[in-house]
Amino acid sequence: MTKLTPFEEDNLPAEQPSPDDQSGMRRWKLRQLKEAERDPYREVRYDRTHTIAELLSKFDDLAGKKARIAGRIMAKRGHGKAIFLDLADQDGRIQVYANVDTLGDERFEQLKAVDIGDILGVEGEVFKTRTGQQSVKATECTMLVKSLEPLPEKWHGLTDIELRYRRRYVDLIVSPETRERFRLRSKIVAQMRRFLEDERGFMEFETPVLEPVCGGATAEPFVTRWEALDDDFYLRIAIELRLKRLIVGGFEKVYEIGRIFRNEGVDTQHNPEFTMLELYWAYVDYNDIMQLTEDLVVHICDSCLATRKMEGGKGPLSFEPPFARVQFDDLMQEHAGVSVLDLPDRKAAVARAKKLDVEFDKDAGYEKILDRIWSERIEPHLIQPTFVLDYPVAVSPLAKRIPDRPHLAYRFELFANAVELANAFSELNDPVEQRVRMEEQIARATEGYRELDEDFLRALEYGMPPTGGLGMGIERLLMALLGEQSIREVILFPQLRKQ
RNA sequence: GAGCCAUUAGCUCAGUGGUAGAGCAUCGGACUUUUAAUCCGAGUGUCGCAGGUUCGAAUCCUGCAUGGCUCGCCA
C-alpha cells in the first residue's frame with residue numbers, strides 16, 4: 001500500500017460511492033490504483049510500434065505479429081472470461097480482445113476494471129476474430145490515464161450545441177466529424193502557406209496585433225490598456241495598413257495569416273475574433289490578384305478536398321475555374337433596377353431602397369444604404385463562386401479610382417454561397433487622395449475611435465509602388481468549402497459568455 | 001440591443017395541472033471471438049435559477065441566467 005498525499009486522501013473516496021456518482025466511482029478506482037502502486041499518472045511515455053491507422057493499413061502483413069498501440073477506450077464489451085475494448089487514437093480505431101488465458105487472473109481483473117474514456121497502452125498479437133474483425137489480442141496492458149469524467153452516450157454523442165462549444169475537447173473525443181473538420185482547417189491553412197510561399201514566392205510577416213490607432217476597416221475595436229504607458233491601445237481590426245508599409249519598405253510579395261478582432265455581435269457569420277489572410281503584391285493590379293485568388297482556392301480544393309465540387313448550404317457549389325466575373329453595376333441594374341450612376345447621393349439611395357422594400361436605419365448614411373440594398377437584393381443571388389468587379393469609390397476608401405469611370409474603384413469581392421469570401425483592390429497609393437478619403441470616412445463615421453493613421457499616410461508619402469492586395473476571411477472560406485452554415489463549426493473555441 | 005424557441009438523470013430524449021420516465025452509461029450477476037454484444041436484476045434527479053397562481057406546478061404566469069435561430073452592428 002502506498003501512502004496517499006493529504007490532498008488525495010481528501011479528494012479520492014476511500015469507500016465505494018453510490019453507483020449513480022459516476023465520476024465518484026472513477027475517483028474511487030483511481031485511489032485503489034494509487035494505493036496499489038499502479039498510479040496511471042506516473043507513466044511518462046509509451047513506446048508504440050504503430051499508430052492504429054498504420055496497423056490497420058498494414059494489417060495483413062502484421063497478422064500474427066506483436067504490436068504496441070495506445071489510445072482511448074471508446075467502448076467496452078465484457079464477455080465473462082473475455083473482454084472486447086474499442087481503442088481510438090488520433091487517426092484510427094481498433095478492437096482489442098483479451099481473455100483470462102493470455103492475461104492471467106490478476107491482469108485480466110485489472111483490465112476488466114477500466115472505464116470507457118481511460119487511456120490504455122496495449123501490447124499484443126495482431127489477429128482477426130472469427131467474424132473477421134481486425135483486432136489485437138492483448139498480452140500486456142498499461143493504464144496511461146484514468147479518465148475521471150464519463151463520456152457522452154456512444155450512439156448520439158454530444159449534441160448539446162453549447163456543451164460542444166464549451167467542452168470542445170469532449171466533442172473532439174466523440175465526434176469524428178468534428179475531428180475531421182478541424183483536421184481540414186489545419187491542412188487548408190498549411191496548404192495556403194505552401195502555395196503562397198513555395199509556388200508564388202510570398203513571404204509571411206507578423207505585424208502587431210496591439211495598435212495605437214486602428215484602421216483598414218470600419219468596425220468597432222476592442223480597447224485595451226497598456227499600463228506601463230498609461231495609454232489605451234486597440235486590438236487590430238485589419239492587417240492592411242501594416243502590410244502596406246512593408247510594400248513601401250521594398251518587400252514585393254508579403255502576406256500574413258493572423259487574428260483580427262472586431263467588437264461586434266456574434267451570429268452564424270461572425271465571431272469577435274477571426275482569422276484573415278491578407279496579402280500585398282507590388283507592381284500588379286487587381287486582375288492579377290483575382291487570378292491569384294482563383295488559383296489559391298483551386299489549389300486548396302485539389303490539395304485538401306480532392307474535389308472542386310461541394311455541397312454548400314444553399315445548394316451544390318462548383319469551384320471549377322474560371323469563376324464567374326461580373327460588374328458590380330451590372331448586378332445593381334439586374335437586381336435593383338438601377339445603376340450606381342443614378343444613385344449619386346443619399347437622397348437617391350433612400351428613394352431606391354424604399355422602392356425595393358429594403359429596410360434601413362433612418363440614421364444610415366449613403367454607403368450604409370447602398371450596402372443594405374446590396375445585401376438584401378444582390379448578395380442572395382451569388383451562390384456559385386463569383387468575382388464582383390468595380391465597386392463605388394464611396395464604399396472603397398482604400399482602393400484606387402478608375403480614371404475613366406471616376407465613381408468606381410478597382411476593387412473586387414469574391415462571393416460563394418451568398419457570402420463574401422474575399423475583398424481586393426488595386427491599392428490606392430496617392431497619399432493626397434488617400435488622406436482626403438480617410439478624412440471623409442472619419443467625418444461620416446458614427447462610431448468612436450476613428451482617427452487618421454498619420455504614420456500610414458506618411459508611408460504613402462514616401463511612395464508605395466502600384467500594388468494589388470487581398471483580404472480573405474479564413475472561416476468564411478472554410479464554411480463555403482466544408483458546407484457549414486455556422487462560423488462556430490469552423491472555430492475550435494467560439495466566443496461565449498463567461499459562465 | 002430586439003423578437004421567437006430551448007433548458008428534465010453523466011449523455012440522448014419522452015413527459016400539457018394529480019406519486020419523475022426510456023435508451024445508452026453506471027452498479028450487481030451470467031457469459032472465453034463480441035461489436036449499438038446478449039441475458040437477469042438495481043439505483044439514477046435542486047425537472048436552469050428565483051418568485052407567483054393553485055388544494056396540488058417539470059407542466060400555467062413573471063423576472064433572471066445560459067444557449068440556439070432571426071434581425072440590427074460587422075467580414
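All chains are named by letter (A, B, ...) in the order of the sequence lines, taking the proteins before the strands, and each is independently numbered beginning at 1.
Looking at the side chain of A:Met25, the nearest of the listed nucleotides B:U26, B:U34, B:C73 is B:U26. Nearest to the side chain of A:Arg166, among B:C11, B:C73, B:U66, sits B:U66. Closest to the A:Arg497 side chain, of the nucleotides B:U32, B:C27, B:U66, is B:U66. Closest contact between the side chain of A:Thr131 and the listed nucleotides B:U33, B:U34, B:C73 involves B:U34. Of the candidate nucleotides B:C27, B:U12, B:U33, B:U12 has the atom lying nearest to any side-chain atom of A:Thr159. Of the candidate nucleotides B:U34, B:U66, B:C11, B:U34 has the atom nearest to the side chain of A:Phe84. With B:G10, B:U12, B:U35 as the candidates, the nucleotide lying closest to the side chain of A:Thr129 is B:U35. Which of B:U70, B:U12, B:U34 sits closest to the side chain of A:His156 comes down to B:U12. If you check B:G67, B:U32, B:U26 against the side chain of A:Glu162, the one that comes closest is B:G67. Of the listed nucleotides (B:G72, B:C31, B:U70), B:C31 has the atom at the smallest distance from the side chain of A:His79.
With hydrogens and angles left out, the side chain of A:Glu153 and the base of B:A25 share no donor-acceptor pair within 3.5 Å. The base of B:C27 has none of its N or O atoms less than 3.5 Å from a complementary donor or acceptor on the side chain of A:Asp21. Within 3.5 Å, a donor on the side chain of A:Asn99 pairs with an acceptor on the base of B:U32, or the reverse. The base of B:U32 is paired with the side chain of A:Asp101 by a donor and an acceptor separated by under 3.5 Å. Side-chain to base pairing of A:Gln95 with B:U34: one donor and one acceptor N or O lie within less than 3.5 Å of each other. One can find a donor-acceptor pair under 3.5 Å joining the base of B:U34 and the side-chain atoms of A:Arg77.
A close approach under 4.0 Å does occur between a side-chain nitrogen or oxygen of A:Arg488 and OP1 or OP2 of B:G68.
B:A37 is unpaired under the Watson-Crick or G-U wobble criterion, no partner having all donor-acceptor distances under 3.5 Å. Remark: B:A42 base-pairs with B:U26; criterion is Watson-Crick or G-U wobble with both hydrogen-bond distances under 3.5 Å. Using Watson-Crick or G-U wobble geometry with both donor-acceptor distances under 3.5 Å, B:U7 finds its partner in B:A65. Across all strands shown, B:U19 has no partner, as no Watson-Crick or G-U wobble contact with both distances under 3.5 Å is found. Base pairing of B:G72: no nucleotide in any strand meets the Watson-Crick or G-U wobble criterion (both distances under 3.5 Å). Pair assignment for B:U59: none, as no Watson-Crick or G-U wobble contacts are both less than 3.5 Å.
Within 4.0 Å of A:Arg372, counting heavy atoms only, lie sugar-phosphate atoms of the nucleic acid but no base atom. Across all strands shown, A:Phe127 has heavy atoms under 4.0 Å from base atoms, whether or not it also approaches the sugar-phosphate.
Comparing B:G18 with B:C31, their C1' atoms sit 45 Å apart, to the nearest whole Å. Taking atom P on both nucleotides, B:G21 is separated from B:G15 by 15 Å, rounded to a whole Å. Rounded to whole Å, the P atom of B:U53 lies 15 Å from the corresponding atom of B:U62. Here, B:C61 and B:G45 have their C1' atoms 25 Å apart, quoted to the whole Å. Nucleotides B:U44 and B:C24 place their C1' atoms 13 Å apart, quoted to the nearest Å.
Here A:Tyr255 and A:Trp281 keep their ring centres 6.0 angstrom or further from each other.
Residues A:Glu149 and A:Arg27 are paired through a salt bridge, judged by an N-O separation under 4.0 Å between the basic side chain and the carboxylate.
Between the CG atom of A:Asp118 and the CG atom of A:Leu30 there is a distance of 9.5 Å, given to the nearest 0.5 Å. A distance of 4.0 Å separates CD in A:Glu489 from CZ in A:Arg164, rounded to the nearest 0.5 Å. With rounding to the nearest 0.5 angstrom, the CZ atom of A:Phe261 is 7.5 Å from the CZ atom of A:Arg236. Between the CD1 atom of A:Ile487 and the CG atom of A:Leu478 there is a distance of 9.0 Å, given to the nearest 0.5 Å.
A:Asn423 and A:Arg411 share a donor-acceptor pair across their side chains, judged by distance under 3.5 Å alone.
Of the two residues near RNA chain B, A:Tyr97 and A:Leu158, the one whose nearest nucleotide lies more 5' is A:Leu158. Between A:Ile487 and A:Lys498, the residue anchored nearer the 5' end of RNA chain B, judged by the nucleotide with its closest heavy atom, is A:Lys498.
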